[in-house]
Protein chains: 2
Amino acid sequence: MAIRLTDVADEAGVSLATASRVLNGSARKPAEEISEKVRAAAQKLGYFPNAQAQALARASTKLIGLVVHDIADPYFSSIARGVQKGIQANGIQLLLTSTGGEADREALAVRAFMSHRTDAIILSGSRRFSEDHELAELLESYQTNGGQVAMIGQPFPATGGIQLDNEGAASELAGELLKAGHRRFVVLAGNPDYMTAKHRADGFTGKLKRSGVPVETALYGAFSREGGYLAMGDYLDQAESQETANQICVFCVSDVMALGAIRAIRERGLRIPEDVAIAGFDDIPTLGDVTPSISTARLPLEEIGRLAGEMVVAHSNSKLVVMTGTPVLRESTER
Amino acid sequence: MAIRLTDVADEAGVSLATASRVLNGSARKPAEEISEKVRAAAQKLGYFPNAQAQALARASTKLIGLVVHDIADPYFSSIARGVQKGIQANGIQLLLTSTGGEADREALAVRAFMSHRTDAIILSGSRRFSEDHELAELLESYQTNGGQVAMIGQPFPATGGIQLDNEGAASELAGELLKAGHRRFVVLAGNPDYMTAKHRADGFTGKLKRSGVPVETALYGAFSREGGYLAMGDYLDQAESQETANQICVFCVSDVMALGAIRAIRERGLRIPEDVAIAGFDDIPTLGDVTPSISTARLPLEEIGRLAGEMVVAHSNSKLVVMTGTPVLRESTER
DNA sequence: ACTATCGTGGAAAGCGCATTCCCAAGATCT
DNA sequence: AGATCTTGGGAATGCGCTTTCCACGATAGT
């Protein structure tokens, strides 16, 4: 069906070896005259190297795998964009899988990437406290076989990647909120089985406790927009009956949760920030489009993705970069 | 380095052929006793099939390529998510490339996919009126070689895919806006070299013209958030001096442009919809988080992606599905 | 009882390419 | 002028797997 290198060689009247040497950067450069003939033949025939065959003959596939929870989530799509930027230009292609955050699908994705012999795997999305054992094992065997691994969030000790200082950033954010005069805090803590969610909630509540202004309520739920919406709604409905939901400041462990929470708040006719103040975490691009502007702990998501991409192409495997977030207060927490 | 099928065969004391037959769905099923031995060996050794080698030996790579303009744009990430859903379960992997909307990078991406012998290519992102010739040629040769192609938006005559009735939906939206009582219209038409932008603008202005309420101003610019922001800003600055920007209804040819425009409007202290009404196109998920809610022409983006994914796995190549948008009026155009 | 048929496992031929040898011819040196 | 390098193209091997094609024993058919 497709044109093979053999066809090009025949057309040019040279051997397969020569054709290979001129068309794909080899150490040995055939004579210019011959090279030209080969290039002409390739051009004429519309030759495309078969990446599979090349991968088989060479060691590398020029493929890297990226696994995220949900590509439609701005958090992950920002990272994905960064990764693309980090690896592009090297002629590397990106294999993408969304797992929905399920541990078994994550392992499945890694397995698939291993099958495809991707040169590297970048894992985004939070680790869980429970049963990541299989994943760790897979990645370890992947690494011993020469694969590059970078995790974004809480890298395994053995893998390296980009560690996000969730706890620190959340703590700083709490400090800023205190300075701004807030005294009554509620935390939408998401799913505490996710390390990301837990660290952020802990960082926030820890700082407050140390400051003598403990969090009044911590609410758990899904680590998603829907989760934020439901948790916030439940709280408000219950608080309303007790007339307690006034002048509170709600910290959501992610911006998407905050977005959901905002919806719940608005549906109940409450104003932001007059009635309830709210802050998120991540600073996803979407925030630029909502009013009032939302306070958050800023993570340079695209930059993080780019860095991860660059790390794996540079083969700096077990390197660990710590990325810290910076609190940014905006209208949603003004008082 | 990695475990090969040969190793498994040796371990199990059978031939390579037999091992292959039991581990990878072959028509011929070896005896249960033997199969069990092979599976045990594979399990023990931690065998992973080499997808490259399989691809070379079989015809198919179980890879499909998706090209979008920008994966961080909610429009495209919604589609990407749909595509994933459409192809998952078949053990198919997604190769993703963002092109930034540049024609040459688009062709480059397709070329790369062809090199990787993806079983199918899905093109999202708008076609241009100028020079898509190279792309068309590439895709044609890809198809004659048995590749599946689905384009989302305005499929080439030869490729099939999902055609979006941009013109019709824009026209309907105009109708609804008229019914709602709007009489002064401005169109942020984006970049008219993009077919999508032009069709939407044309559909909108055409309907208005036929109704005897012609558009007052059409503004051009980048087909992006930034473009919407700048175009809207320029218009308002100029209109302000002429005291004409009152009670107008702005139609943006995409939601992201509308988001940009809204920012420009707000920065000038104008209210939506009291001072200026605004409508977009697409109904990206982000809209669920902005206030006031934004009127738009709804396109079922995820569904569209899913459909495209299913089309290519079903090998229904040159099939053409027309997808129509439905206008939905919300707070941003109330009067 | 003897041949025709079937079921099963193994040997071997590719799939398309990179690369290591190998060898011929020209360049360089003494 | 003869010996030693150097240069550059070609034949052949292997990457890991699928898939004919064969051989062989078991079963069935008359």
Side-chain angles (χ1 to χ4, degrees), chain A residues 1-39 41-42 45-63 91 112 114-119 145-146, chain B residues 1-39 41-42 45-63 91 112 114-119 145-146:
Chain A
M1 72 165 231
I3 306 295
R4 295 158 307 166
L5 188 52
T6 310
D7 303 327
V8 176
D10 288 353
E11 172 79 22
V14 301
S15 81
L16 181 57
T18 305
S20 169
R21 288 197 262 256
V22 12
L23 291 182
N24 313 68
S26 161
R28 288 181 51 176
K29 295 288 173 197
E32 182 52 37
E33 182 196 12
I34 288 206
S35 298
E36 195 42 56
K37 263 199 309 190
V38 174
R39 274 191 288 268
L45 265 37
Y47 168 73
F48 280 86
N50 182 323
Q52 318 295 331
Q54 287 191 147
L56 201 55
R58 296 175 170 157
S60 137
T61 57
K62 294 276 193 181
L63 240 38
M114 288 173 73
S115 245
H116 279 279
R117 298 296 190 269
T118 57
D119 294 341
N145 284 343
Chain B
M1 71 166 231
I3 306 295
R4 296 159 303 167
L5 188 52
T6 309
D7 303 327
V8 175
D10 288 352
E11 172 79 22
V14 301
S15 81
L16 183 58
T18 306
S20 169
R21 288 198 263 258
V22 14
L23 290 183
N24 312 68
S26 162
R28 288 182 49 176
K29 296 288 173 199
E32 182 52 37
E33 181 196 12
I34 289 205
S35 298
E36 196 41 55
K37 264 200 308 192
V38 174
R39 272 192 290 268
L45 265 38
Y47 168 73
F48 279 86
N50 183 322
Q52 316 296 331
Q54 287 191 144
L56 198 57
R58 296 175 170 157
S60 137
T61 57
K62 293 277 194 181
L63 240 39
M114 288 175 71
S115 245
H116 279 279
R117 300 295 191 267
T118 57
D119 294 342
N145 284 343

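All figures in this text were calculated on a predicted structure; none of them were measured in a lab.
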To the nearest 10 degrees, what angle separates the axes at the start and end of the helix from C:dA1-D:dT30 to C:dT30-D:dA1, five pairs each?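 The end-segment axes of the helix from C:dA1-D:dT30 to C:dT30-D:dA1 are tilted 40° relative to each other.
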Figure out the [atom1]/[atom2] separation between [X] and [N], and round it to whole Å.
X	N	atom1	atom2	result
B:Q52	C:dG14	CD	P	23 Å
B:D10	C:dA11	CG	P	11 Å
B:L5	C:dG10	CG	P	13 Å
A:E36	D:dG9	CD	C1'	18 Å
A:R58	C:dT20	CZ	C1'	16 Å
A:L23	C:dG16	CG	C1'	13 Å
B:I3	D:dG16	CD1	C1'	13 Å
A:N50	D:dG16	CG	C1'	14 Å

Please compare B:L56 and B:P30 by the position of their nearest nucleotide in DNA chain C and report the one closer to 5'.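 Of the two residues, B:P30 wins.
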Relative to the 5' end of DNA chain C, which residue comes earlier, B:A53 or B:L16, by the nucleotide with the nearest heavy atom?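 Checking each residue's closest nucleotide, the 5'-ward one belongs to B:L16.
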Just how far is it from atom [atom1] of [X] to atom [atom2] of [Y], taken to the nearest 0.5 Å?
X	Y	atom1	atom2	value
A:L45	A:I3	CG	CD1	4.5 Å
B:L23	B:F48	CG	CZ	12.5 Å
A:R117	A:S115	CZ	OG	6.0 Å
B:R4	B:N50	CZ	CG	11.0 Å

Counting just side-chain N and O atoms, does [X] come under 4.0 Å of either OP1 or OP2 of [N]?
X	N	answer
B:T18	C:dG9	no
B:S15	C:dA11	no
A:Q54	C:dC17	no
B:S20	D:dC17	no
B:N24	D:dT18	yes

Distance-minimising heavy-atom pair for [X] and [Y]:
X	Y	result
A:L5	A:Y47	N-CE1, 3.4 Å
B:A41	B:V8	CB-O, 3.8 Å
B:V14	B:A19	CG2-N, 4.2 Å
A:K62	A:D119	N-OD2, 2.9 Å

Show me the protein contacts with nucleotides 26-28 of chain C, counting only N or O atoms at under 3.5 Å.
none

Where protein sits on nucleotides 20-25 of chain D, one letter per nucleotide: B base, S sugar-phosphate only, - none, heavy atoms under 4.0 Å: BB----
Can you give the donor-acceptor pairs under 3.5 Å from side chains of residues 51-58 of chain B to other protein atoms, not counting sequence neighbours?
residue, atom, partner, partner atom, Å
B:Q52, NE2, A:H116, O, 2.6
B:Q54, OE1, B:N24, ND2, 2.6

Base, sugar-phosphate, or nothing: which does A:A59 touch, judged by heavy atoms less than 4.0 Å apart?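 Answer is nothing: A:A59 stays at 4.0 Å or more from every strand.
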I want to verify a distance call: between [options], whose nearest atom is closest to the [X] side chain?
X	options	answer
B:I34	D:dC17, C:dG16, C:dG9	C:dG9
B:A57	D:dG9, C:dC15, D:dT19	C:dC15
A:R4	C:dC17, C:dA18, D:dT18	C:dC17

Scan for salt bridge (charged side-chain N to carboxylate O under 4.0 Å, His left out) pairs involving residues 9-23 of chain A, sequence neighbours excluded, and state none if there are none.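 Non-adjacent pairs meeting salt bridge (charged side-chain N to carboxylate O under 4.0 Å, His left out): A:E11-A:K44.
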Mind checking what makes side-chain hydrogen bond (donor to acceptor under 3.5 Å, both in side chains) contact with B:E33, not counting sequence neighbours?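 B:E33 satisfies side-chain hydrogen bond (donor to acceptor under 3.5 Å, both in side chains) with no residue once adjacent residues are dropped.
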